[in-house]
Protein chains: 2
Amino acid sequence: MVAKVFVSAQEVADRAGVSRSAVSRTFTPGASVSPETRARVMEAADALGYHVNHLARGLMRNESGIICLIASDVATPYRSALLRELTLQLQQGGKVAMLINTDRSDGSVDRALRQAIRYRADASIILSGLPDKSIAQLCLRSGQRLVLINRDDDQPGPLRINLDDHEAAGRVATAFVRAGCRRLAFANSEAGTPSLMAREEGFVAAATALGLAVTVERFGWTGYEAGKVLAQRLLTRRERPDAVFCATDLLACGFMDAARQQFSLTIPDQLCIAGFDDIEQASWSSYNLTTFSQPIREIASRAVEWLGAPIPEDHSPRRDSLRLKADLVWRGSIRGG
Amino acid sequence: MVAKVFVSAQEVADRAGVSRSAVSRTFTPGASVSPETRARVMEAADALGYHVNHLARGLMRNESGIICLIASDVATPYRSALLRELTLQLQQGGKVAMLINTDRSDGSVDRALRQAIRYRADASIILSGLPDKSIAQLCLRSGQRLVLINRDDDQPGPLRINLDDHEAAGRVATAFVRAGCRRLAFANSEAGTPSLMAREEGFVAAATALGLAVTVERFGWTGYEAGKVLAQRLLTRRERPDAVFCATDLLACGFMDAARQQFSLTIPDQLCIAGFDDIEQASWSSYNLTTFSQPIREIASRAVEWLGAPIPEDHSPRRDSLRLKADLVWRGSIRGG
DNA sequence: CAGTTTGTTGCACGCCCGTGCAAACCAGTG
DNA sequence: CACTGGTTTGCACGGGCGTGCAACAAACTG
């Protein structure tokens, strides 16, 4: 068994003929080292293949540099795109991402947060689920920062980043009406997360204001297959909808495929469709889906920026809650773009 | 500034009225603690919200529990699916995944590996690119284990997991011929990674053996848009191909969309298509793509299993190179399945 | 030249944990 | 009671690092 034998600062010091402190200072920006010693240290370090032990450094500095990303369904187009952007920007900020998968079971997020605590992560970014209040409080008490993305929670402490789901959904209703649609429907999943429900409520509210009723159907999780089932259910109704707003693009893709292949409908002539997220597939020409783009870059940059900023002394009315705008991307699934 | 104030074992010990060792032993499986003290410690730990500091534990044990995943294009369907499976299985094995994004620039993988060393990762799993020999050697010398997935490298030390790309590609050629196709083409990206090239070579070799020539076209990276361009190029040729093997499913999706919409071809009647990876979209009914499924679960489980196994004393002829089989998933893009 | 400033270096301590070792304890035996 | 074997406990050390402090050297200042 070849034990772990990473080279330590002491070995570098011995080889360079200096004290270990000198080595440490060489790798600490702003520390006082003469150019000569620095050079000798660097040479020895290169020769030996020395790399600062961030575990030990984290112990000392009380700052591990680790940011925990907590998410489920990470292989989903939208999630993976967000994860990509987050990890990229964290890396640029000198942090490193620790990825923890959650499932839909109870306590899954709590377990993930416990892991984050064990590794003394500087912060946790939660993309799915909601932690128990007590464990969230523990994180905050411990000095760990928390970011909730698209989880419409209201407890103070974490940074909450959300979209204007409600308002955006209203814009779709208007667009549908302008396209001459009268029989509106909303295709949702049964997941019932705040942002999905906000889209549904926003759509229904706006339609009602325009004097139209909305048929709402909910099924399964927000995936392609669920979209097909939803199409099955909505398109076999007596009063077949002529416009459907799907809560996510994945649902929309499944919906469109079923609409075209099983019901021989043409889009957008016989049926208008809108989605949400602007996943890559929405732009594929088979779908060419009109949808809302999640401001992924901005979400990530706001989160990272907030993590880098110092915690203010005063308990001032800090902007811990952001509501970003989702832009409507016009493509071909609604008439008269 | 609320400094980090994670509760330490000492505080738990004080509260429970025992020594710090007792606390440590309580959280160390197999250590000798009486039931009473264990109970008192647990109670105090719960009350204070204590969690073992894995940074310090890693320092002691010389084993951080961190596994580094190094990859580019993590938002891609295939990559994200593999990442998901890896992180899941690592979690089940009690490890934790650290995700490092690379780009296509030189030294990107090397920088990622350096980061892995700094955090004293127990192992690194590389999904994209190839590390420089010297840095790879440094990892191995340091006792860090290395796994290369679909990177057909031949240096000893790392575990290398590859597919039977060459042979699989041959099976497609046969299928095309059986479907009555005569004018074969291969659509590749310019990335030139070993597995992509193996698919190309395997296809060409098999076709040649069957007495058919293959038109090869390469463009861009392995994405949807590149697939469209490749269709543009291949389908405007004098001798239009009647069967195209795309190096990846993403290329195939782009290719199919262009073939249908710009060239009004029907699939599989006028054009047979095959892909590779079996990404989720391949099963979407707009594509219904015949393709090879990457044995993602097996790749992940083999990797995790290998990481968990002890390094054998003797330098025996260890199975450090695995070649897994990619199964052909018959769908509707080749005639006569 | 004495005195002061500036810059560099090494020592020693602490961060939090696991563990070898020896002391302490406890129950059982003759 | 003395003795033995087994279990539990605390002490002290080490793992790799950053940093305050004091010692020291060099460079100025008057």
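Side chains are part of it too, since the values below use all heavy atoms of this structure and drop only hydrogens, waters and symmetry mates. Proteins get letters first, then strands, A, B, ... in listed order; numbering begins at 1 in each.
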Kindly calculate the angle separating the two end axes of the helix from C:dC1-D:dG30 to C:dG30-D:dC1, each obtained from five base pairs, and round it to 10 degrees.
50°
Do the charged groups of A:Arg38 and A:Glu43 touch, with an N to O distance under 4.0 Å?
no
Give a yes or no on whether the backbone of A:Ala112 and the side-chain of A:Arg114 come within a donor-acceptor separation of less than 3.5 Å.
no
Rounded to whole Å, please give me the gap between CE in B:Met60 and C1' in C:dC16.
10 Å
Could you tell me whether A:Asp320 and A:Arg160 make a salt bridge, using a distance below 4.0 angstrom between a side-chain N and a carboxylate O?
no
For B:Tyr50 together with B:Phe27, are the ring centres under 6.0 Å from each other?
yes
Taken to the nearest whole Å, CZ/A:Arg118 to P/C:dC17 is 13 Å
Salt-bridged, A:Lys95 to A:Asp122, with N to O below 4.0 Å?
yes
Between B:Val18 and B:Arg57, which has a closest nucleotide on DNA chain D that is more 5'?
B:Val18
With a cut-off of 3.5 Å and sequence neighbours excluded, list every side-chain donor-acceptor pair involving residues 296-304 of chain A.
from	atom 1	to	atom 2	distance (Å)
A:Glu298	OE2	A:Arg302	NH2	3.3
A:Ser301	OG	A:Arg297	O	3.2
A:Ser301	OG	A:Glu298	O	3.1

Ignoring hydrogens and angles, tell me if any N or O in the side chain of A:Glu85 forms a donor-acceptor pair with the backbone of A:Leu82 under 3.5 Å.
no
Quickly work out the A:Glu63 CD to C:dC16 C1' distance and round it to whole Å.
17 Å
Show me, pair by pair, the donor-acceptor contacts under 3.5 angstrom made by side chains of residues 65-77 of chain B, not counting sequence neighbours?
from	atom 1	to	atom 2	distance (Å)
B:Ser72	OG	B:Ser128	OG	3.3
B:Asp73	OD1	B:Arg104	NH2	3.1
B:Asp73	OD2	B:Arg104	NH2	3.4

Rounded to the nearest Å, what distance is computed from the OH atom of residue A:Tyr119 to the P atom of nucleotide C:dC16?
18 Å
B:Thr28 or B:Leu59, whichever maps to the more 5' nucleotide of DNA chain C
B:Leu59
Output for pair (A:Leu130 CG, A:Ile126 CD1), nearest 0.5 Å, gives 7.5 Å
Stretch residues 30-50 of chain B: residues that reach within less than 4.0 Å of DNA chain C through a heavy atom:
B:Tyr50
Sub-3.5 Å donor-acceptor pair from the side chain of B:Gln144 to the main-chain atoms of B:Ser124, do we have one?
no
Looking at residues 19-27 of chain B, who's got a heavy atom less than 4.0 Å off DNA chain C?
B:Arg20, B:Ser21, B:Ser24, B:Arg25
Judged by atom type as modelled, is there a donor-acceptor pair below 3.5 Å linking the side chain of A:Thr87 to the main-chain atoms of B:Asn101?
no
Rounded to whole angstroms, how far apart are CG on B:Asn62 and P on C:dC16?
20 Å
Would you mind reading off the distance between B:Gln10 atom CD and C:dC15 atom P, rounded to a whole angstrom?
10 Å
Opening and closing nucleotides of DNA chain D in contact with chain A, under 4.0 Å to non-hydrogen atoms:
D:dG16 to D:dG20
A:Thr37 vs A:Ser34, side chain to side chain donor-acceptor pair (under 3.5 Å): CA-CA, chis, key distance, verdict:
CA-CA 6 Å; A:Thr37 35; A:Ser34 72; 2.6 Å; yes
Can you tell if the side chain of A:Leu163 reaches within under 4.5 Å of the side chain of A:Pro295, non-hydrogen atoms only?
yes
